[in-house]
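Presented below is the structure to which this report refers.
Source: prediction; values computed, not measured. Here, residue 1 is the first one in the sequence, and each next residue gets the next number.
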Amino acid sequence: MKRRIFNRRIGAVAVGAALALASGAVAAQETFKLGIVSFLSGQAAESFGIPAVNGAKVVIEAFNAGTAPAPYNQKGFGGVRIEPIYVDEAGGATKQVQELRNLYDREKVDAVVGYVGSGDCLAVAPVAEEMKRFLILYDCGTPRIFEEKTYSYVFRTASHATMDNVALARYLKARNVKVDTMNLIHQDYAWGHDSREDFILAMQQLYPNAKPQADLLPKFGAGQYGTEISALMSKPADIVHSSLWGGDLQAFILQAGARGVFAKQQGVFSAADHVLPGLGEKMPNGVILGARGAYGLMSPKSPLNDWWWSIYQKAYTVYPVQAPYRMVQSLLGLKLAVEKAMAANGGKKPTPEQLAAALRNSEWDSPAGRIRMVLGNGHQAIQDTAIGRTKYDAAKKMVTLEDIQRFPAECVNPPANMKSNDWLKAGFPGAKC
């Protein structure tokens, strides 16, 4: 239902509109329709897609009620109620391209926030750009999105995967972990290939004598890893590095753990925190892992993080892991961008161009720390990250993390105007650690 905005005239019309907006006196008008895409079915749903959507639900509820902490406490987006539309990411890239078009053309959404799969992101980003519609990629890790193309309407509000693997390599070096040999197991698509290459290049700088042995690329969603585990056991190495995630990671840990892989080889996982609540005591102790940011058990202490943790845990009786953290930081950034654009256009709902101008080169506080849009001509975020080791706490009946080390964004992300591979091969020039 459409409603009109009534503003009292005080002096000039422009001044009156600005005062009305600043005081929260913008009356309800048509909703801000927001498409949210994540895995709601399939192997990536339980530990990743559904927690991300759950995060969106509690945050949007808080936004609409005006109960989020300042500066996120204005109701909705600038007084405009948020109307979310949730879409399942399962089905592959071709399906997601059609779903994205449907969101823009049929559902008439004002913006889309979504996508976990790197292949999906690579497919939908050019479509949003072609349609000149606003899109935030909240997760997918491949650095290729903004290193291969330039976008006007597409943003990613989280760091890409180069950060994950540089941080892992630096963590190993800082703790004097012996790495003369390494085994690798990654999914056979963009995310897996990029993660594998980034880790190898980072290790070549910090462990120049380390040699890869088993180099395995099972397909996404394989679920059964008997052959790969046999290969790992036939060539035992100092570490086994993997970027497996979701149901694939859960299955691999259970199967490899049962056959003693982690008793002989140090597990090193780039994106594993999200499987800890589900695995519980079945998660091996001493595994070194990242969360693709300072998320979950490795998140920093702050009032904003305390608020976020509280509303999520109260709603779902489990703490938030990386996927909902990444979702909430995208929505916080979007909220500030919408309200910045509205403040500049007299309180009207912003166009895609106005939204893009407001988000480009911006920065904001999130539960995981400061998010800064500094790569990809202001369209790609960088952020701090953290790495830790697993330890099951029988008294708490949960996996905890110890030996946590935090890495500044500038230590583990490439500088602007330099591609990740070039930065890694050159030895991390400009890194500030």
Checking Glu61 now: which residues fulfil salt bridge (Lys or Arg N to Asp or Glu O under 4.0 Å) with it, not counting sequence neighbours?
none
Would the distance check show the side chain of Ser118 and the main-chain N or O of Thr142 forming a donor-acceptor pair, the cut-off being under 3.5 Å?
yes
Scan for salt bridge (Lys or Arg N to Asp or Glu O under 4.0 Å) pairs involving residues 110-128, sequence neighbours excluded, and state none if there are none.
Asp110-Lys349
Aromatic Phe63 / basic Lys335 pairing, under 6.0 angstrom, 45° off normal:
yes
In terms of ring plane angle, is the pair Phe134 and Phe155 parallel, tilted or perpendicular, where the classes change at 30° and 60°?
tilted
Would Lys57 and Tyr86 count as a cation-pi pair here, with the cationic atom under 6.0 angstrom from the ring centre and within 45° of the axis?
yes
Applying side-chain contact (heavy atoms from CB on, under 4.5 Å), name anything that partners Ala123, two or more places apart in sequence or on another chain.
Ala93, Val97
Can you list every pair that meets salt bridge (Lys or Arg N to Asp or Glu O under 4.0 Å) and has a residue in residues 150-175, with sequence neighbours left out?
Asp164-Arg292
Would you find a donor on one side and an acceptor on the other, under 3.5 Å apart, between the side chain of Asp422 and the backbone of Met418?
no
CZ of Phe48 to CZ of Phe39, rounded to nearest 0.5 Å, is 9.5 Å
Within the side chain of Lys33, is there an N or O that forms a donor-acceptor pair under 3.5 Å with the backbone of Glu107?
yes
Look up atom CE in Met203 and atom CG in Leu168, then write down how far apart they are to the nearest 0.5 Å.
9.5 Å
Ignoring hydrogens and angles, tell me if any N or O in the side chain of Asp365 forms a donor-acceptor pair with the backbone of Leu304 under 3.5 Å.
no
Using a 3.5 Å distance criterion without hydrogens, assess whether the side chain of Lys95 forms a donor-acceptor pair with backbone atoms of Glu89.
no
Just jot down the salt bridge (Lys or Arg N to Asp or Glu O under 4.0 Å) partners of Lys301, sequence neighbours excluded, or say none.
Asp306
Between Gln265 and Leu232 (side chain of the first, backbone of the second, donor and acceptor by atom type, cut-off under 3.5 Å), is there such a pair?
yes
Please check this pair: side chain of Gln383 against backbone of Gly293, looking for a donor-acceptor N/O pair closer than 3.5 Å.
no
Please check: side-chain N/O of Gln255 versus main-chain N/O of Tyr225, any donor-acceptor pairing under 3.5 Å?
yes
Can you tell me which residue among Glu197, Arg196, His193, His241 is in a side-chain hydrogen bond (donor to acceptor under 3.5 Å, both in side chains) with His186?
His241
Residues at least two apart in sequence or cross-chain that pass salt bridge (Lys or Arg N to Asp or Glu O under 4.0 Å) with Glu353, listed by chain then number, are none
